[in-house]
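Written out below as structure tokens is the structure these notes cover.
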Amino acid sequence: MYQFSYEQHQKFYEFLEKLDCYISSEAGMIAELNEFKENSQRKIAALVCQNTQEKLSFPAPYLRILYVLEGEVKILIDGKELVLGAGGMILSNRFTTIIYEELQAGTRIVGFYFKPEYFTESLLNQLAEEPLLYRFLIESLKSEDPIGRYYVFEFSILDDVHFYSMLLLKQVVKMRYKDNKVTRAAFLLLIVEVSQLAENSLRLNDSFVSSKILVSEMLNVMENNLKDITLEKLAKQFNFFIKLDKKRNGQIIQRTSFDHAIRHGCLLFTQYEIIYSKN
């Protein structure tokens, strides 16, 4: 667990002040997001709200993370109202409606906004062992159903989530929103830490599960792990309980894996023009 000293906090916020990162109105947020949209080289944005005197209800058609750095904020998320203090975090997809209002002077809220192309296959593969958030990211990126998907967490500012949120914020603005390996590393550290603390910190989430996308991703995992896939491993990967007839389900998994292996072998024969000849 890393803790910032008072001096480090002051220097961090002075750094943000110099780079003009603070936004104090809804109009300012809309202008920044429009600029983000029009700039094809920017795949991630980090915007900090401070001392806003109004409710913020601007549309944000991106996968986003909102994190309360300091103070307290009232949130209305898809019609559900709650109050979050420092350490509060929301992960949401592009269809989630969020309205928020600062309740204390000096409240700071950072919003990270991601374009779909930010999430390369390589980046997602590094999160495959974090089933809860891996599934959330996959469904948020692939689903066209106009349904809000979100998780609301309450972390302590003493948790490493706080440190990694500030690290990602600093790295994004330092690089002038250009993505690089260090920025992606900071993002991965944040997501993995959120995943590790999720069980004890989750306060609210939606109840929607896209069965079509879930089945598709399960088949992808099976195809990439033909040698050792089991029902238990699949359940752990996708965070669900094993129900019904375990023996029958296990046989289905084995049969499906076998079918995938046969198709994969046929594809190899086709791609590499392997010729079978009788001696």
Side-chain angles (χ1 to χ4, degrees), residues 1-17 19-30 32-33 45-60 62-93 96-113 133 136 148-170 172-173 190-191 193-206:
M1 180 190 301
Y2 183 86
Q3 295 184 39
F4 278 107
S5 66
Y6 174 78
E7 290 77 14
Q8 285 175 312
H9 267 104
Q10 290 302 106
K11 288 184 178 180
F12 176 78
Y13 289 121
E14 286 172 8
F15 171 77
L16 296 181
E17 194 80 46
L19 293 179
D20 193 25
C21 293
Y22 293 117
I23 301 170
S24 58
S25 68
E26 183 167 77
M29 289 294 295
I30 292 172
E32 286 289 338
L33 286 174
L47 308 174
V48 183
C49 289
Q50 182 184 29
N51 296 328
T52 56
Q53 304 298 316
E54 57 187 326
K55 289 184 180 179
L56 301 179
S57 58
F58 55 90
Y62 303 103
L63 192 152
R64 60 176 158 170
I65 299 174
L66 295 178
Y67 182 73
V68 184
L69 290 166
E70 292 186 2
E72 195 173 56
V73 60
K74 181 166 69 175
I75 301 283
L76 187 66
I77 179 166
D78 278 355
K80 300 175 183 177
E81 185 175 294
L82 64 156
V83 173
L84 292 177
M89 175 182 282
I90 299 174
L91 274 70
S92 64
N93 70 354
T96 305
T97 300
I98 303 176
I99 300 173
Y100 54 102
E101 179 182 12
E102 295 178 9
L103 298 179
Q104 294 179 1
T107 295
R108 293 184 174 103
I109 307 163
V110 58
F112 299 104
Y113 301 85
L133 298 188
F136 170 80
R149 297 293 323 279
Y150 57 86
Y151 286 102
V152 181
F153 300 100
E154 283 187 309
F155 300 109
S156 165
I157 59 172
L158 299 179
D159 291 331
D160 284 341
V161 167
H162 189 74
F163 170 69
Y164 291 139
S165 296
M166 297 180 77
L167 177 65
L168 180 58
L169 171 58
K170 183 175 182 180
V172 172
V173 298
L190 174 61
I191 292 298
E193 191 65 21
V194 168
S195 180
Q196 297 298 314
L197 299 177
E199 184 176 353
N200 296 321
S201 303
L202 182 63
R203 177 170 175 182
L204 180 70
N205 66 284
D206 66 272

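Taking each heavy atom of Phe112 and Ser165 in turn, the nearest pair found is CZ-O, 3.5 Å. When every heavy atom of Ile157 is checked against every heavy atom of Ala86, the shortest pair comes out as CG2-CB, 3.6 Å. Across all their heavy atoms, Gly111 and Leu66 have their closest contact at CA-CD2, 3.7 Å. Residues Val172 and Ala46 approach most closely at CG1-CB, 3.7 Å, considering heavy atoms. Summarising the geometry of Phe155 relative to Val161, their closest heavy-atom pair is CD1-CG1, 3.7 Å, with the distance given to 0.1 Å.
Looking at Val48 and Ile23, their side chains never come closer than 4.5 Å, going by heavy atoms from C-beta outward. Taking 4.5 Å as the limit, every side-chain heavy atom of Leu202 sits out of range of all side-chain heavy atoms of Val152. No side-chain heavy atom of Ile99 sits under 4.5 Å from any side-chain heavy atom of Leu56. Within the 4.5 Å cutoff, side-chain heavy atoms of Leu197 are placed close to those of Asp159. Two residues are said to be in side-chain contact when any heavy atoms from C-beta on lie closer than 4.5 Å; Met89 and Ser201 fail this criterion. Under the 4.5 Å side-chain criterion, counting only non-hydrogen atoms from C-beta, Gln50 is not in contact with Thr107.
Residues satisfying the side chain to side chain donor-acceptor pair (under 3.5 Å) criterion with Glu72, sequence neighbours excluded, are absent altogether. Partners of Ala60 by side-chain contact (heavy atoms from CB on, under 4.5 Å), not counting sequence neighbours, listed by chain and number: Leu33, Phe58, Arg64, Tyr113. In this structure Ser156 satisfies the side chain to side chain donor-acceptor pair (under 3.5 Å) test with no other residue, sequence neighbours excluded. Every side-chain contact (heavy atoms from CB on, under 4.5 Å) that Glu81 has, sequence neighbours left out, goes to Lys74, Leu76. For Thr96, the side-chain contact (heavy atoms from CB on, under 4.5 Å) partners two or more places apart in sequence, or in a different chain, are Ile77, Asp78, Ser92, Asn93, Ile98, Tyr150. Tyr62 pairs by the ring-ring contact (aromatic ring centres under 6.0 Å, His included) definition with Phe36, not counting sequence neighbours. Legend: residues meeting ring-ring contact (aromatic ring centres under 6.0 Å, His included) with Tyr164, ordered by chain and number and at least two apart, are absent. Every residue meeting the side-chain contact (heavy atoms from CB on, under 4.5 Å) condition with Val73, not counting sequence neighbours, appears here in chain and number order: Val68, Ile75, Leu84, Tyr100, Ile109. Taking Tyr67 as the reference, His162 meet the ring-ring contact (aromatic ring centres under 6.0 Å, His included) condition, with sequence neighbours excluded. For Glu193, there are no salt bridge (charged side-chain N to carboxylate O under 4.0 Å, His left out) partners at least two apart in sequence or on another chain. With sequence neighbours left out, Ser195 forms a side chain to side chain donor-acceptor pair (under 3.5 Å) with Glu130. Annotation: side chain to side chain donor-acceptor pair (under 3.5 Å) contacts of Glu101 (sequence neighbours excluded): none.
One distance of note links NZ of Lys55 with CD of Glu26; it measures 11.5 Å at 0.5 Å rounding. From Leu190, atom CG reaches atom CG of Leu167 across 9.0 Å, with rounding to the nearest 0.5 Å. Interatomic distance, CZ of Arg149 versus CG of Asp206, reported as 4.0 Å (0.5 Å rounding). The distance from atom CG of Leu168 to atom CZ of Phe163, rounded to the nearest 0.5 Å, is 11.5 Å.
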### Task
Give the intermediate values and the outcome of side chain to side chain contact (heavy atoms under 4.5 Å, CB included) for residues Met29 and Cys49.
CA-CA 8 Å; Met29 289 294 295; Cys49 289; 3.6 Å; yes

### Task
Could you walk me through whether Val194 and Leu133 pass side chain to side chain contact (heavy atoms under 4.5 Å, CB included), step by step?
CA-CA 9 Å; Val194 168; Leu133 298 188; 3.7 Å; yes

#### Entry: Criterion side chain to side chain contact (heavy atoms under 4.5 Å, CB included) on Ile65 and Ile90, from CA distance to verdict
CA-CA 6 Å; Ile65 299 174; Ile90 299 174; over 6 Å; no

### Query
Between Leu69 and Met166, does a side chain to side chain contact (heavy atoms under 4.5 Å, CB included) hold up when you go through it step by step?
CA-CA 8 Å; Leu69 290 166; Met166 297 180 77; 3.7 Å; yes

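Under the 3.5 Å distance criterion, with hydrogens and angles disregarded, no donor-acceptor pair is assigned to the side chains of Ser25 and Glu54.
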